[in-house]
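Okay, structure first, notes after.
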Amino acid sequence: MSYNLPAMFMNPLLDHLNAPQLAAVTLPPAHALILAGAGSGKTRVLTTRIAWLISTGQVSPPGLLAVTFTNKAAKEMQTRLASMLPINVRGMWIGTFHGLCNRLLRAHYRDAGLPQLFQILDSADQQASVKRLLKSLNVDDEKFPPRELCHFINAQREQGMRAAAVEAYDDWARKRIGLYEAYEAQCQREGVVDFAELLLRSYELLERNEPLRRHYQERFRHVLVDEFQDTNKLQYRWLKLLAGGGAHLFCVGDDDQSIYAFRGADVGNMGDFEREFKVANMIRLEQNYRSHGNILDAANAIIKNNPQRLGKNLWTEAGSGEPIRIYESYSDGDEARWIVEEVKALQRDGHTRAEIALLYRSNAQSRALEHALFNAGLPYRVYGGLRFFERAEIKHALAYLRLIANTDDDTAFARVVNFPARGIGARSLENLQDAARAANSSLHSAIPQVFGAGGAKLAAFAQLIVTLRDAAHLPLPELVDHVLELSGLRSHYQNEKEGQERLDNLDELINAAASFVAEEGTPNQDGEITGEFGNDLSSFLAHASLEAGEHQAGEGDDALQLMTVHSAKGLEFNVVFISGLEDGLFPHENSLSETRDGKSGLEEERRLMYVAVTRARQRLYLSFAQTRMLHGQTRYNLPSRFLDEVPQELVKWLTPRAGKGGFAASTTTTYAATPRRSESAGSAFRIGQSVMHTKFGLGVIVNAEGGGTDARVQVNFGHAGMKWLALSVAKLEAA
DNA sequence: TGGGAGTGCTTTTTT
DNA sequence: AGCACTCCCA
């Protein structure tokens with residue numbers, strides 16, 4: 001490596017970087033893959049790299065493209081960059097895959113075959129759109145469930161496959177592909193684009209339009225990618241295409257934190273990238289600045305059980321710190337109450353609630369926790385709920401706005417044609433749909449074809465849209481206010497008894513519009529790209545779809561942080577509780593049978609566990625319960641196999657240690673609830689009891705039936721699986 | 001039209 | 001259990 005030493009030493013950007021970080025930041029222009037372990041300063045390296053490239057004159061801001069997955073990460077990068085460099089980061093191409101694709105398509109909408117004011121469908125819109133399609137084609141939605149069909153369509157798109165390119169092996173597949181094709185046509189006619197389409201459409205735009213491709217290939221000299229392990233096949237191809245003119249790809253990722261294979265992410269992209277781009281610069285960031293030694297050791301020990309890793313071992317200069325605490329409880333309720341007590345103790349020791357996270361595998365688990373927290377009066381915040389722009393009243397208001405931008409947007413039309421109720425029932429809508437299909441037109445343009453009473457009401461609705469469109473010149477916040485008034489949305493919620501919160505949200509929408517205009521409105525910062533935004537309205541609508549709005553009430557409050565392990569990725573906390581560590585829950589039972597590209601679902605669950613553990617800075621609690629209420633019935637689970645993967649010398653059991661694969665003997669004495677006896681089995685065994693089998697080992701009785709000599713019990717043996725055993729035959733012993 | 005009862009689903013999730 | 005969705009009746 002050769003770089004200008006004096007310049008390097010004078011550059012304060014590079015202060016306090018460790019050797020591998022410094023090497024990564026100052027890499028000469030070439031492709032690079034940075035394997036960045038959890039808490040190793042990944043974002044820092046990425047932003048410092050950009051700042052360094054610019055400040056040393058190796059690239060000008062417009063020559064740089066940086067991609068992330070979430071708006072949060074993109075914003076974080078921009079903020080940090082702005083603090084490092086005296087430049088305007090707003091015009092730079094730093095954003096999410098979808099955000100950048102949107103930008104590209106807005107700038108070249110004609111070449112992409114889209115209307116100027118094309119709208120973006122979020123997943124819910126997409127499903128509604130598919131549903132409507134099935135209805136209009138008289139397709140049985142039992143045979144083709146809209147949800148499943150959306151998955152199929154998105155999966156095809158992520159492979160870069162248009163309907164015409166998908167092969168069919170039977171009638172059903174052919175039919176499904178036909179529906180995919182019809183959906184594509186419907187979107188095109190309506191001038192709407194869903195998330196996957198944003199990517200595929202901009203990929204095709206660049207692939208087919210050579211001058212345009214050359215323009216961008218020559219423009220972008222450095223392409224930087226965050227969370228590279230989460231890219232799907234199409235995103236990787238998109239990157240390859242953009243970097244095809246000799247740009248340098250700088251990809252940062254961690255194969256051990258790949259937890260989105262289930263939605264198409266392909267860790268294989270890391271290996272492919274290394275091979276296809278002959279990456280000579282692979283740098284490992286293994287020094288962790290986040291967690292104490294015991295926590296890291298536990299994480300390393302867990303992830304070591306995964307074969308096929310690129311290989312990495314985190315270390316820290318911090319001391320080993322506290323032991324990892326493990327707690328066993330009888331039920332999910334007991335577990336939650338214990339967490340409450342422990343949190344109270346932590347507070348007495350000076351921990352703030354906001355620095356404590358309660359993590360779980362699936363959202364359904366939050367209920368028991370919330371219940372206990374609520375009863376204890378502990379403030380908490382649950383992440384991952386309904387977001388601002390996804391609320392029904394907001395979507396209604398946005399639908400009116402979308403109709404102002406584009407009357408052919410049938411999804412928006414169908415949403416509000418009869419909301420608030422204006423007497424346009426199913427019958428009139430059916431007539432309208434028939435007319436639209438016959439004329440191959442949008443619902444809106446078919447209105448004159450419908451006659452009778454329904455027709456009159458529809459015409460009145462069309463008139464409402466016209467009136468609203470006449471106001472389109474108003475400043476955006478005023479336009480929104482106008483729409484709320486004239487559409488009748490406001491008075492509708494005023495008359496509803498529980499409508500106050502919705503009214504507040506609608507007012508909040510006006511505020512959102514105002515701050516959007518103040519921050520990002522009135523376009524064209526980027527001199528090179530013209531027509532980047534059609535106008536404030538359409539860019540606000542795109543903003544609403546692409547950035548559903550994380551803001552929730554109580555953001556700044558000192559509240560406990562409740563979230564799934566997935567949504568905790570990228571975050572860190574002083575204290576972390578991982579609850580529900582039971583086989584079947586975490587690892588999730590569905591994962592045990594899954595395989596994707598030769599990799600087992602269990603491995604992904606293990607990476608998820610790795611992510612969870614590495615969120616903790618100082619203290620980590622792991623907890624599990626013998627019984628858990630799920631989907632309305634009580635389940636009996638064994639402790640998670642991941643607990644066995646934590647070296648015992650790092651652990652402090654807060655309850656008597658559970659045996660290998662089984663529960664601690666007679667801990668039930670400490671629990672208030674009395675386990676039910678199985679009357680039918682009529683034996684010494686009861687549901688929930690731990691038993692020992694000569695061949696299968698330790699297990700828990702989860703069900704029983706029959707009696708006397710016919711008595712049979714169902715036992716969960718964990719690794720050996722679930723078995724029905726006849727008591728008269730099987731030699732079972734209480735354990 | 002709108003509400004009340006009945007039915008079915010339920011891993012993880014960003015854009 | 002809890003929620004979203006559908007269907008049917010007043």
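Hydrogens, waters and symmetry mates play no part in the numbers below; they use all other heavy atoms, side chains included. Just so we're on the same page: letters track the sequence lines, and every chain starts at 1.
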* Asked: Which of parallel (below 30°), tilted (30 to 60°) and perpendicular (above 60°) describes A:Trp238 and A:Phe97?
  -> perpendicular
* Asked: Across the strands shown, which category fits A:Asp230 at heavy-atom distances under 4.0 angstrom: base, sugar-phosphate, nothing?
  -> nothing
* To do: In whole angstrom, give the distance that lies between atom CG of A:Leu199 and atom C1' of B:dT15.
  => 9 Å
* Would you mind reading off the distance between A:Tyr260 atom OH and B:dT15 atom P, rounded to a whole angstrom? => 9 Å
* Asked: For residues 416-425 of chain A, which residues have at least one heavy atom under 4.0 Å from DNA chain B?
  -> A:Asn418, A:Ala421, A:Gly423, A:Ile424, A:Gly425
* Determine whether the side chains of A:Asn269 and A:Thr231 contain a donor N or O and an acceptor N or O closer than 3.5 Å. => yes
* Measure from CZ on A:Phe586 to P on B:dT12 and round the result to the nearest Å. => 12 Å
* Take the angle between the ring planes of A:Phe516 and A:His543 and call it parallel below 30°, perpendicular above 60°, tilted in between. => tilted
* To do: Calculate the interatomic distance between A:Leu602 atom CG and B:dT12 atom P; express it in whole Å.
  => 18 Å
* **Donor + acceptor pair across side chains of A:Arg402, A:Asn406 (<3.5 Å)** => no
* How does protein contact run along nucleotides 3-11 of chain B, one letter per nucleotide 5' to 3', with B for base contact, S for sugar-phosphate only, - for none, heavy atoms under 4.0 Å? -> -------BB
* Checking A:Glu335 side chain against A:Gly580 main chain: does a donor-acceptor pair fall under 3.5 Å? -> yes
* Separation of B:dG2 P from A:Asn495 CG (nearest whole Å) -> 12 Å
* **Whole-Å distance separating the CD atom of A:Gln127 from the C1' atom of B:dT15** => 15 Å
* What is the nucleic acid contact for A:Lys569, judged by heavy atoms within less than 4.0 Å: base, sugar-phosphate only, or nothing? -> nothing
* State whether a side-chain donor-acceptor pair under 3.5 Å links A:Gln626 with A:Ser331. => no
* Asked: For the residue pair A:Phe586 and A:Phe624, is the inter-centroid distance of their aromatic rings smaller than 6.0 Å?
  -> no
* **A:Asn232 CG - B:dT15 C1' separation (whole Å)** => 11 Å
* Using a distance-only test with no angle check, is there a side-chain donor-acceptor pair under 3.5 angstrom linking A:Glu645 and A:Asn305? -> yes
* Looking at A:Thr96, does any N or O in its side chain come under 4.0 Å of the phosphate oxygens OP1/OP2 on B:dT14? -> no
* **Listed partners of A:Phe195 passing ring-ring contact (aromatic ring centres under 6.0 Å, His included), at least two apart** => A:His98
* Structure fact -> The ring-ring contact (aromatic ring centres under 6.0 Å, His included) partners of A:Phe262 (sequence neighbours excluded) come to A:Tyr260, A:His566
* Asked: Does a donor on one side chain sit under 3.5 Å from an acceptor on the other, for A:Tyr383 and A:Arg381?
  -> yes
* Return the value, rounded to whole Å, for the distance between atom CE of A:Met563 and atom P of B:dT14. => 12 Å
* **Span of DNA chain C, from the first to the last nucleotide whose atoms fall under 4.0 Å of chain A heavy atoms** => C:dA1 to C:dT6
* To do: Report yes if a donor N or O on one partner sits less than 3.5 Å from an acceptor N or O on the other, where the partners are the side chain of A:Ser123 and the base of B:dT15; otherwise report no.
  => yes
* To do: Name all residues meeting the side-chain contact (heavy atoms from CB on, under 4.5 Å) criterion together with A:Ala38; count only those two or more places apart in sequence or in a different chain, and write none if there are none.
  => A:Gln257, A:Arg290, A:Leu314, A:Thr614, A:Arg615
